[in-house]
Structures are given as C-alpha cells and as structure tokens.
Number of protein chains: 2
Amino acid sequence: MTQAAFFVLTALADQPRHGYGILREVEELSDGAVQLRVGTLYGVLDRLTADELIVLDREEVQQGRLRRYYRLTEEGTEALAAEAERMAAGAGAAKRRIAEGRRASEGNRPAGTVPPTAPGLAGGLA
Amino acid sequence: MTQAAFFVLTALADQPRHGYGILREVEELSDGAVQLRVGTLYGVLDRLTADELIVLDREEVQQGRLRRYYRLTEEGTEALAAEAERMAAGAGAAKRRIAEGRRASEGNRPAGTVPPTAPGLAGGLA
DNA sequence: TTGAATATATCGGCAGCCGATATATCCTGG
DNA sequence: CCAGGATATATCGGCTGCCGATATATTCAA
C-alpha cells in the first residue's frame, strides 16, 4: 500500500468524507506534515474503489457544489488496520536497531557508565 | 522516503552490510513479510548514497566474491529515526480512527452491552 | 471584479519498484 | 563431472503511481 492510499484510508476511517475534505483532513491529522496533492487524490480514490477498500457513499449538492462522499468497506478497514500494524512493527524494528547500532559504536565501556535506555527486544514484524 | 529505502536503512542501522546481506536481513527482520528485490536494491543504494544517508564502508573479497559494505551516516541515522517516528505516529493515528469509526457505526446501544475494548487516545502525529 | 477557497477532474512528466537478464564463484547432490 | 542452487554483483525496460499544471464552476470577501 502506498503512503497516499494509507492516508486516504485513515482520513475515511472515522467517517465518510468527500475528496476535498479528505485533502484537508489528511493535512490536519498529520499536523501539516503530509500534504496530499489534488493530482494524487483521484488516482488513489479510483484504485481504492477498484480494490473495494472504499466505496461511494453518497453524493450531495451543497451550495451549488457537488460533494462525492466515500467510505471504507469492511475490507478497507481490515486492510488499514493490517497496514497500521505493519508500520508500527517496522517503526519499532528501526528504533531498536538504531539503539543496537549506538551500543555497538559506543564500544565496551566500564560497566555502569551506560544509562539503561535499552528496551526489550521483544516483538518482530508481522 | 520510500518503503524500500526505509528497510535498507533499517537493515544497516545496527551494523554495516553488503548488498546481498541487506536483502537477506530485510527479509529476516520483517519476518518474511518484506522481500526486497535485487532490481530494487541497487537503485536505492545509489540514491541513498547520493543523499549521503549511507556511505561505502569497505570492500572485501570473500571466497572469490566481492562484498561491498555500506553503513549509515549520522544523517542517515537521523533520517531513519525521524521516519520511524512518522510511521509510528501514522500507525497510531490510523488505529485511533478505526476505533472512532467503530464507535460511530455501533451507534447508541444500551449501556453496558459494549465490551471495554477502547484504548487510550493519547498521542498525535508529528 | 479580482482573488481565494471550495470542489470536481484530466494529463504528461518523472521517479521508483520489479522481473528478467547477465556474469561469476563456490558448494552440494546425483 | 556436471547441473543446480546459493552467494554476489549490476543493468535495463516496463509499469505503477505521485505531482505539477491545467481546466471548469460556484461562492464569498476585499
């Protein structure tokens, strides 16, 4: 799953939204870190629809402007949950390895000089 | 940062590795979930080198076969840590939103019928 | 009346992943 | 002895997918 698809699914996870609303929501939920582009959105929407991860919920006309609302399917919710799990596992693996690398480059120092930052190495990537 | 680049950096986070070793390491650290392809690897390696996130550590000849070892630069370690942070935040945001969506679709039901599965809503996305 | 925000959509360029392919060595099994 | 698989490097073309630019239309504020 691409980054863009992940964020679209995430934006739709709590409630149905229309295209432009997804754009704003992704920016907000990522605290401005992720800016989903208009040119990216509709391709993603088409692909997610084709994969049946999202579905057209309804169409509304608000103040003369068409709003096309999408919502997650059950399959889409599962796919998003699985992806979130993989990302969390990947992030955890990276963090542990960085810590390992730091320990290795620090070399053997007199016992007790290293602050106990080391986390447990439990858990892998699904 | 692409997924492939992320996993290459992760594989290199604890110690220098050569190309083929990265391939095996990524598969192992992801528990078989991620299979980095040979055709993908060298492009990633070139780009990461150009971006100075990794650097050629040394070359060895083991049993007549060349091994080209790469290692993370300080910048590479920082970039990986930052990406891991973003991924963890994104994963957390997705999980919270899925939970919110579940609550919304469940509607108002008689108090006490819903098992207390709801996790804490702490943390945002950087 | 001009510009920004809202709202949709398309298209071409470019970046990047992947399968196929190539080359070469070493080891194991038949 | 030789075929096949693992180890190890690298390249190339095709396809997918992101992004900037562009187009259209309405509403509202300056």
Side-chain angles (χ1 to χ4, degrees), chain A residues 1-12 15-28 30 32-51 53-71 79 83 86 90, chain B residues 1-12 15-28 30 32-51 53-71 79 83 86 90:
Chain A
M1 181 181 306
T2 64
Q3 291 298 111
F6 173 80
F7 278 106
V8 168
L9 291 182
T10 300
L12 293 176
Q15 60 176 278
R17 292 176 198 278
H18 59 100
Y20 195 80
I22 294 172
L23 250 36
R24 284 188 281 101
E25 185 63 19
V26 166
E27 185 163 2
E28 192 179 319
S30 71
V34 179
Q35 283 204 314
L36 189 63
R37 307 297 165 156
V38 189
T40 305
L41 180 67
Y42 294 97
V44 172
L45 248 26
D46 287 346
R47 257 170 277 132
L48 291 177
T49 300
D51 294 344
L53 300 186
I54 64 174
V55 71
L56 184 62
D57 186 62
R58 67 188 188 278
E59 289 183 341
E60 283 179 9
V61 176
Q62 293 277 325
Q63 295 168 322
R65 299 190 198 95
L66 176 65
R67 286 182 173 180
R68 190 163 287 148
Y69 285 79
Y70 293 88
R71 62 176 153 84
E83 184 69 15
R86 278 190 293 273
Chain B
M1 181 181 306
T2 64
Q3 291 298 108
F6 172 79
F7 278 106
V8 168
L9 292 182
T10 301
L12 292 176
Q15 59 176 276
R17 291 177 200 277
H18 59 98
Y20 194 81
I22 294 172
L23 249 37
R24 284 187 282 102
E25 186 62 19
V26 166
E27 186 163 1
E28 194 179 317
S30 71
V34 180
Q35 282 204 315
L36 188 64
R37 308 296 165 154
V38 189
T40 307
L41 179 67
Y42 295 97
V44 172
L45 248 24
D46 288 346
R47 258 170 277 131
L48 290 177
T49 300
D51 293 345
L53 301 186
I54 63 174
V55 72
L56 183 62
D57 187 63
R58 67 188 187 277
E59 289 183 341
E60 283 179 10
V61 177
Q62 292 277 325
Q63 296 167 321
R65 298 190 200 93
L66 176 66
R67 286 182 171 178
R68 192 162 285 149
Y69 285 79
Y70 293 88
R71 64 178 152 83
E83 184 67 15
R86 278 190 294 271

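Chain A is the first sequence line, chain B the second, and so forth, proteins listed ahead of strands; every chain is numbered from 1.
Looking at heavy-atom distances under 4.0 Å, A:Arg65 makes contact with a base. Nucleic acid contact for A:Thr2: sugar-phosphate only, since backbone atoms but no base atoms lie under 4.0 Å from a heavy atom of the residue. Residue B:Val38 is classed as a base contact, given a heavy-atom separation below 4.0 Å to a base. Using a 4.0 Å heavy-atom distance criterion, B:Gly43 is classed as making no nucleic acid contact.
The minimum heavy-atom distance linking A:Ile22 with A:Arg17 is given by the pair CG1-CB, 3.9 Å.
In this model, the phosphate group of D:dC18 is approached by a side-chain N or O of A:Arg47 to a distance below 4.0 Å at OP1 or OP2. The shortest distance between the side-chain N/O atoms of A:Tyr42 and the OP1/OP2 oxygens of C:dT8 is below 4.0 Å.
Heavy-atom distances to DNA chain D give each of A:Gly64 and B:Gly19 a nearest nucleotide, and the one nearer the 5′ end belongs to B:Gly19.
Spacing between atom CG of B:Asp46 and atom C1' of C:dC17 amounts to 14 Å, rounded to whole angstrom units.
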Step-by-step side chain to side chain contact (heavy atoms under 4.5 Å, CB included) determination, A:Phe7 to A:Val44: CA-CA 10 Å; A:Phe7 278 106; A:Val44 172; over 6 Å; no
Test side chain to side chain contact (heavy atoms under 4.5 Å, CB included) applied to B:Val8 and B:Leu45, step by step: CA-CA 8 Å; B:Val8 168; B:Leu45 248 24; 3.9 Å; yes
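Electrostatic pairing of A:Glu83 and A:Arg86 counts as a salt bridge here, judged by a charged N lying under 4.0 Å from a carboxylate O.
Nearest to the side chain of A:Val44, among C:dA7, D:dC18, C:dC17, sits D:dC18.
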